Amino acid sequence: MTETTAIRVTLNGSARTLAAGKSVAGLLRELEVHPGLVVVERNGEILRRESYPEVRVEDGDTLELVHFVGGG
Amino acid sequence: MTETTAIRVTLNGSARTLAAGKSVAGLLRELEVHPGLVVVERNGEILRRESYPEVRVEDGDTLELVHFVGGG
Amino acid sequence: MTETTAIRVTLNGSARTLAAGKSVAGLLRELEVHPGLVVVERNGEILRRESYPEVRVEDGDTLELVHFVGGG
Amino acid sequence: MTETTAIRVTLNGSARTLAAGKSVAGLLRELEVHPGLVVVERNGEILRRESYPEVRVEDGDTLELVHFVGGG
Amino acid sequence: MQTARSDAGVGAVRGPGRDRGLAIGPHVLGSRLIAGTGKYRDNATMVEAIEASGAEMVTVAVRRVDLDRSVEEGVLHHLDPARYHLLPNTAGCYSAEDAVRYARLGRAAGLSDLVKLEVIGDERTLLPDVAATLDAARVLVSEGFHVLAYTNEDVVSALRLEDAGCAAVMPLASPIGSGLGLVNPYYIREIKRRLSVPVIVDAGVGTASDACVTMEQGVDGVLMNTALAEARDPVRMARAMRLAVEAGREAWLAGRMPRREWAVPSSPTEGMID
Amino acid sequence: MQTARSDAGVGAVRGPGRDRGLAIGPHVLGSRLIAGTGKYRDNATMVEAIEASGAEMVTVAVRRVDLDRSVEEGVLHHLDPARYHLLPNTAGCYSAEDAVRYARLGRAAGLSDLVKLEVIGDERTLLPDVAATLDAARVLVSEGFHVLAYTNEDVVSALRLEDAGCAAVMPLASPIGSGLGLVNPYYIREIKRRLSVPVIVDAGVGTASDACVTMEQGVDGVLMNTALAEARDPVRMARAMRLAVEAGREAWLAGRMPRREWAVPSSPTEGMID
Amino acid sequence: MQTARSDAGVGAVRGPGRDRGLAIGPHVLGSRLIAGTGKYRDNATMVEAIEASGAEMVTVAVRRVDLDRSVEEGVLHHLDPARYHLLPNTAGCYSAEDAVRYARLGRAAGLSDLVKLEVIGDERTLLPDVAATLDAARVLVSEGFHVLAYTNEDVVSALRLEDAGCAAVMPLASPIGSGLGLVNPYYIREIKRRLSVPVIVDAGVGTASDACVTMEQGVDGVLMNTALAEARDPVRMARAMRLAVEAGREAWLAGRMPRREWAVPSSPTEGMID
Amino acid sequence: MQTARSDAGVGAVRGPGRDRGLAIGPHVLGSRLIAGTGKYRDNATMVEAIEASGAEMVTVAVRRVDLDRSVEEGVLHHLDPARYHLLPNTAGCYSAEDAVRYARLGRAAGLSDLVKLEVIGDERTLLPDVAATLDAARVLVSEGFHVLAYTNEDVVSALRLEDAGCAAVMPLASPIGSGLGLVNPYYIREIKRRLSVPVIVDAGVGTASDACVTMEQGVDGVLMNTALAEARDPVRMARAMRLAVEAGREAWLAGRMPRREWAVPSSPTEGMID
């Protein structure tokens with residue numbers, strides 16, 4: 001098995017194919033999302049920001065990237 | 001002077017030509033207006049119903065024929 | 001043991017001493033309460049009216065005699 | 001005629017006896033009323049402030065001394 | 001429908017006993033609702049609605065006979081004057097002179113001395129010109145009319161109209177045809193307290209509860225037209241209004257419970273079981 | 001007073017035709033007014049007032065017999081159960097358990113499955129404990145009761161009570177015994193729009209116009225007690241309330257005129273004389 | 001406090017940009033609140049409250065000097081006329097003649113042409129005698145007064161007073177000293193729509209929200225006295241009133257959201273997580 | 001903006017002296033107005049309006065990042081969290097579970113323990129599911145959240161939420177986004193009387209006078225969004241709201257004059273001239 005293997009995840013409700021072995025931090029970088037302004041929920045678990053570099057995105061993960069928007 | 005002479009009156013705001021010598025009662029009959037349901041004001045004077053047969057319509061008269069209509 | 005033995009019951013919240021062996025019907029008669037207009041709850045159980053003659057009041061019973069009063 | 005002659009006036013609704021020959025200015029001084037804050041109405045006529053020294057109070061005068069009080 | 005003189009409706013006889021009816025000029029009306037006859041979709045609906053309203057007095061307007069008429073719009077072809085007291089109005093008049101002229105024509109047409117005096121001061125709001133109304137009232141009273149005067153909610157004007165000899169004073173609840181209901185109950189209540197001639201609220205009532213709350217102020221009657229004519233079902237609304245006017249009158253005579261900002265139980269708090 | 005099943009009162013049949021009455025459980029009531037029997041100065045007044053109100057259903061409370069009674073306070077000595085549907089209440093209960101117990105006693109006493117379910121959550125306002133009311137309602141419905149549930153003006157709670165199988169939902173107009181009238185017409189209107197079981201406004205009505213405006217929201221009925229018992233003349237007020245409830249119902253069915261902020265004449269603007 | 005002529009306050013300049021102030025006669029006031037000086041528990045409280053209210057114009061009454069005075073009640077001993085525009089009133093007058101006489105005395109005392117014209121028609125309600133007010137207004141205008149005329153809510157009377165040359169028309173919100181607030185917003189709104197001179201609501205305001213909702217009708221200012229003098233803490237209430245008048249003015253200029261009988265979420269309904 | 005603990009806003013310190021501000025969880029806010037950030041026509045207007053409102057706490061919603069975003073809708077790109085306390089809401093949640101999940105995401109995003117708990121029970125009215133709100137509140141309180149709970153006007157529910165440990169209870173004035181204003185002042189007043197945690201009225205305020213009259217009930221603050229976002233000029237309305245909230249607070253602390261149905265003169269009745 002090699003790093004080029006692809007994995008499938010559900011990201012904010014839509015299925016995506018990603019290169020395997022990517023960290024959450026790497027994913028955010030790729031998506032051009034500022035890590036300081038978002039929260040990542042992985043399989044129902046909220047990830048601490050400090051853990052983004054370590055945590056690897058796994059095949060079958062369900063990821064929610066949320067942030068604050070205008071609301072009353 | 002003959003009965004066929006014509007006179008001019010203002011009747012409910014519009015000019016009319018009538019045969020001379022006509023009584024108010026006659027006028028109402030001609031207009032098919034039931035005398036019991038109307039009031040005739042002649043030159044600003046309200047006429048008593050009993051006087052309709054005697055009173056003659058004169059040249060230049062201003063006549064108002066009014067009655068009750070729905071109102072609040 | 002004789003019929004003259006006394007028993008103690010709680011009747012509408014107050015302690016009472018009654019002659020033993022009395023039926024519910026008898027109790028109502030004694031209290032001058034029309035059986036048709038009241039409901040008797042015995043130890044938390046509502047008694048059917050037909051059962052008043054049979055059911056005996058036992059020592060230690062808690063009885064509630066209720067009826068309809070004016071209310072909104 | 002002497003200054004000691006007395007005159008009778010109505011001042012703010014009550015009858016008063018004053019020494020004759022007094023000016024309005026003199027009267028105000030005697031009453032300890034600051035001329036700048038009051039208006040004097042003499043027999044229904046409003047007096048100009050400048051005239052207070054000249055105008056003499058006459059027997060039978062009706063004088064109203066008014067000023068501003070709190071109001072809505 | 002009696003016609004004997006009576007002071008029944010003058011002021012209000014509170015307390016037990018039957019309510020004696022509303023005295024206007026020579027008449028004593030069993031119904032405290034006076035109905036207008038304008039603006040109905042057709043004459044049949046008008047007649048049926050007025051019947052359902054229980055009104056014994058109806059207002060009518062004085063207008064020119066349409067000499068080249070297709071349809072017969074004379075209201076007396078539809079309403080039986082033996083059954084209803086006709087109350088001619090001076091609607092549409094903007095001066096005392098015009099109002100007096102229309103009142104005289106109405107008297108000649110109806111052979112009755114009743115008149116609903118209306119002198120309008122503003123076309124947009126149809127609010128009265130009170131000064132002109134007062135002038136016209138004095139003339140008409142001197143000519144023997146029983147004047148029912150349309151006026152605004154002003155207590156001072158109402159007192160002046162009473163002094164002028166009006167048979168009834170008719171303040172509005174809200175503008176004619178607005179259906180806004182009773183906007184200022186304080187003033188209406190005060191007018192009723194201060195006058196001894198009947199006070200009939202004229203104009204503004206939009207639905208049954210408006211008529212009911214108006215009568216609860218203690219006034220002697222309510223006059224309405226648009227609320228009936230423009231309802232989806234005028235006959236049914238007329239029935240509702242008849243009931244509402246009676247309800248409000250009875251409630252006022254009965255004397256309502258006090259208002260409280262806290263609750264009070266309706267059932268005994270004693271005698272609960274353990 | 002029919003007792004055949006009918007969906008007459010469920011929802012509202014607007015438009016022409018007679019109003020078919022209010023269906024509650026097995027009964028169809030000709031009158032949309034339900035009267036309480038508490039707090040009258042004496043039983044004679046209570047009986048006369050209820051008669052005058054036209055009510056066909058009356059609420060009663062369940063309390064201990066007063067064993068050393070001077071006066072006979074049992075309400076059945078005064079009201080004929082053959083004439084009125086008795087609606088036992090659970091007034092005074094602060095828990096689902098107590099309410100269920102009182103409901104069962106009421107059924108045993110009245111030999112009827114109707115119950116006015118009341119679980120109070122706060123002594124000062126007598127507002128309901130909606131959660132406990134819902135629990136009690138589920139138990140009672142499962143035991144075959146026809147539950148009329150007293151609740152607050154909350155649409156969500158009303159929907160839950162309907163889902164729980166209540167025969168009728170009874171939001172308040174304002175707190176019990178307050179006489180403040182219909183404070184929140186929006187919510188009452190919305191509850192009526194959303195539910196299919198009858199909506200009967202319970203509590204808060206203080207005078208006739210309150211009852212009238214409440215019915216104009218389209219609800220199926222009104223329940224009242226203090227407004228009658230505490231009026232200066234309870235019998236006269238009861239008559240007023242009977243009329244007001246009918247008036248409000250009819251007005252709603254008739255469909256009111258539109259509200260406008262400007263005036264519209266009631267008499268023709270054409271045909272004026274020169 | 002400018003005194004240059006300006007039509008700023010005449011009508012209302014809605015939309016962006018600073019609100020330009022209220023023009024009365026020769027003055028342009030930065031504050032739209034006019035304060036009365038009567039009925040305070042003491043002069044110190046009066047002075048402090050008026051300061052807190054931000055008022056630039058204050059009303060005063062003309063009364064006899066108390067010749068055997070213990071206390072000095074002359075208001076000019078307490079209020080600096082260089083700081084406040086004095087607005088003498090004709091309070092307590094029941095005829096045009098008296099009002100004119102008091103107005104002249106006020107002009108002589110204050111050396112200013114402003115007058116708050118008040119001719120009372122009824123002692124119990126203190127409602128104006130509009131006819132007499134109109135007569136007095138014509139005389140005073142011809143003598144060069146800037147007349148601010150106290151009147152009732154009647155649009156027709158307001159239009160007549162404008163025609164008579166009044167510098168401002170001052171309808172009441174509710175009776176003087178009643179604190180009932182704005183009872184008839186429709187009429188006040190209509191008066192504002194129809195007149196071009198400033199409309200200042202005089203009397204009836206009881207608390208801050210009354211002043212706020214009054215200004216939201218678009219009127220040019222509010223005059224108050226009792227609401228300040230009779231508050232438990234007059235100075236604090238005066239501050240509240242200053243804020244409320246500004247708030248109501250700004251809200252009217254800003255243009256409120258529409259009213260709806262249904263709900264609309266404030267947060268996005270998109271972007272919810274699964 | 002202090003952040004030291006204080007019970008200033010808990011209950012109300014009436015009488016003289018400065019009003020000490022509103023304590024919510026660890027914060028003491030100088031402003032009693034809390035602003036929403038939704039529905040503005042653009043972010044610039046939102047930022048300017050919130051600045052004009054004087055709010056120190058603003059609500060925000062938690063939503064998915066738009067990954068193929070054209071526009072940047074993240075609110076933190078526009079609002080400085082160092083300047084405003086962020087109050088994440090759970091808007092759009094229909095179950096306790098969802099609300100708890102959103103609250104946790106909000107805490108992670110905002111690094112603050114404050115949450116505006118909202119569990120909706122009905123989509124049309126957006127009224128709360130009180131039972132579910134209570135369940136969620138218990139969970140969140142146990143996790144150390146400072147819960148500000150959106151609820152209906154029911155006193156019983158408000159007391160339960162306080163018992164559950166909520167930091168503030170937020171009854172509505174009328175439905176979210178309706179702009180109907182304070183429909184039931186009795187209930188809001190009673191909730192304030194009975195609770196010791198701050199009561200903040202959330203939703204329904206439509207214009208300045210609504211905010212003012214709401215504060216006059218004695219509540220601790222008002223939360224608004226649509227009234228600002230949907231005003232024709234949101235920034236001006238925000239200024240109006242800031243003034244109105246202060247005005248209402250001050251008026252309540254000052255203690256209003258009594259209401260009377262009769263008039264009382266503001267000028268002396270003594271000292272009139274002959």
Side-chain angles (χ1 to χ4, degrees), chain D residues 3-72, chain G residues 34-40 42-43 45-47 50 58-69 72-79 81 86-92 97 101-112 116 118 126 150 176-177 202-203 223-230:
Chain D
E3 292 204 295
T4 60
T5 324
I7 60 170
R8 304 195 46 72
V9 301
T10 304
L11 179 56
N12 282 4
S14 23
R16 293 223 182 188
T17 306
L18 305 176
K22 200 183 300 292
S23 73
V24 169
L27 175 62
L28 295 182
R29 214 174 302 108
E30 185 179 304
L31 296 169
E32 294 172 353
V33 173
H34 183 316
L37 297 180
V38 301
V39 173
V40 182
E41 189 196 61
R42 178 163 171 265
N43 306 325
E45 291 281 305
I46 297 173
L47 302 178
R48 287 175 304 92
R49 286 195 175 120
E50 309 69 59
S51 69
Y52 293 174
E54 296 83 60
V55 180
R56 295 250 161 285
V57 182
E58 306 291 355
D59 188 50
D61 275 354
T62 296
L63 299 164
E64 294 283 354
L65 270 59
V66 302
H67 63 165
F68 286 146
V69 299
Chain G
I34 301 177
T37 57
K39 298 166 67 176
Y40 289 86
D42 53 53
N43 283 310
T45 306
M46 182 265 284
V47 171
I50 284 169
V58 300
T59 58
V60 291
V62 174
R63 291 292 181 269
R64 278 174 172 166
V65 175
D66 177 6
L67 295 175
D68 30 54
R69 60 189 169 296
E72 176 50 69
E73 81 281 18
V75 76
L76 293 189
H77 287 88
H78 310 286
L79 279 179
L86 297 183
L87 178 61
N89 69 29
T90 64
E97 298 60 38
R101 185 176 172 202
Y102 273 81
R104 290 170 179 156
L105 289 167
R107 165 147 73 175
L111 311 166
S112 137
K116 179 191 167 188
E118 219 176 294
L126 297 179
Y150 162 70
I176 295 170
D202 177 3
L223 192 156
M224 62 184 70
N225 187 338
T226 311
L228 304 182
E230 282 193 6

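No hydrogens, no waters, no symmetry mates; every other heavy atom, side chains included, goes into these values. Labels below follow one simple rule: chain letters A, B, ... track the order of the sequence lines, proteins then strands, and each chain is numbered from 1. Here the structure is a predicted model, which means the values were calculated and not measured.
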*Taking C-beta and beyond as the side chain, do G/Arg63 and D/Val66 meet within less than 4.5 Å on heavy atoms?*
no
*Decide yes or no for G/His77 and D/Leu37: does some side-chain heavy atom of the first lie under 4.5 Å from some side-chain heavy atom of the second?*
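Counting from C-beta outward, G/His77 and D/Leu37 do come under 4.5 Å.
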*asked:* Apply salt bridge (Lys or Arg N to Asp or Glu O under 4.0 Å) to residues D/Glu41 and G/Arg104 and explain how you reach the verdict.
replied: CA-CA 10 Å; D/Glu41 189 196 61; G/Arg104 290 170 179 156; over 6 Å; no
*For D/Glu64 and G/Val65, what are the C-alpha separation, side-chain angles and deciding distance, and is it a side-chain contact (heavy atoms from CB on, under 4.5 Å)?*
CA-CA 9 Å; D/Glu64 294 283 354; G/Val65 175; over 6 Å; no
_Can you tell me how far apart CG (D/Leu65) and CG (G/Leu105) are? Round to the nearest 0.5 Å._
11.0 Å
Report which part of [X] has an atom under 4.5 Å of a heavy atom belonging to chain G: side chain, backbone, both, or neither.
X       : answer
D/Val33 : both
D/Leu31 : both
D/Ile46 : side chain
D/Arg49 : side chain

*Would you find a donor on one side and an acceptor on the other, under 3.5 Å apart, between the side chain of D/Asn12 and the backbone of G/Leu67?*
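Pair absent, no side-chain N/O of D/Asn12 close to backbone of G/Leu67.
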*In terms of heavy-atom contacts, does CD of D/Glu32 have more than 12 from other residues, nucleotides or ligands at under 6.0 Å?*
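Atom CD in D/Glu32 is not packed in, count stays at 12 or less.
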_D/Glu54, CD: over 12 other non-hydrogen atoms inside 6.0 angstrom_ =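 Yes, enclosed.
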*Going through the distances and angles, do G/Arg64 and D/His67 end up as a side-chain contact (heavy atoms from CB on, under 4.5 Å)?*
CA-CA 6 Å; G/Arg64 278 174 172 166; D/His67 63 165; over 6 Å; no
Report the option among [options] that has the most heavy-atom pairs separated by less than 4.5 Å from atoms of chain D.
options                              : result
G/Ile176, G/Thr226, G/Leu87, G/Val62 : G/Val62
G/Gly36, G/Gly106, G/Gly38           : G/Gly38
G/Arg101, G/Met46, G/Lys116, G/Lys39 : G/Arg101

*G/Leu79 portion near chain D, given a 4.5 angstrom heavy-atom threshold*: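 Neither the backbone nor the side chain of G/Leu79 comes within 4.5 Å of chain D.
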*When only pairs under 4.5 Å are counted, which of D/Leu11, D/Leu47, D/Val39 shares the most heavy-atom pairs with chain G?*
D/Val39
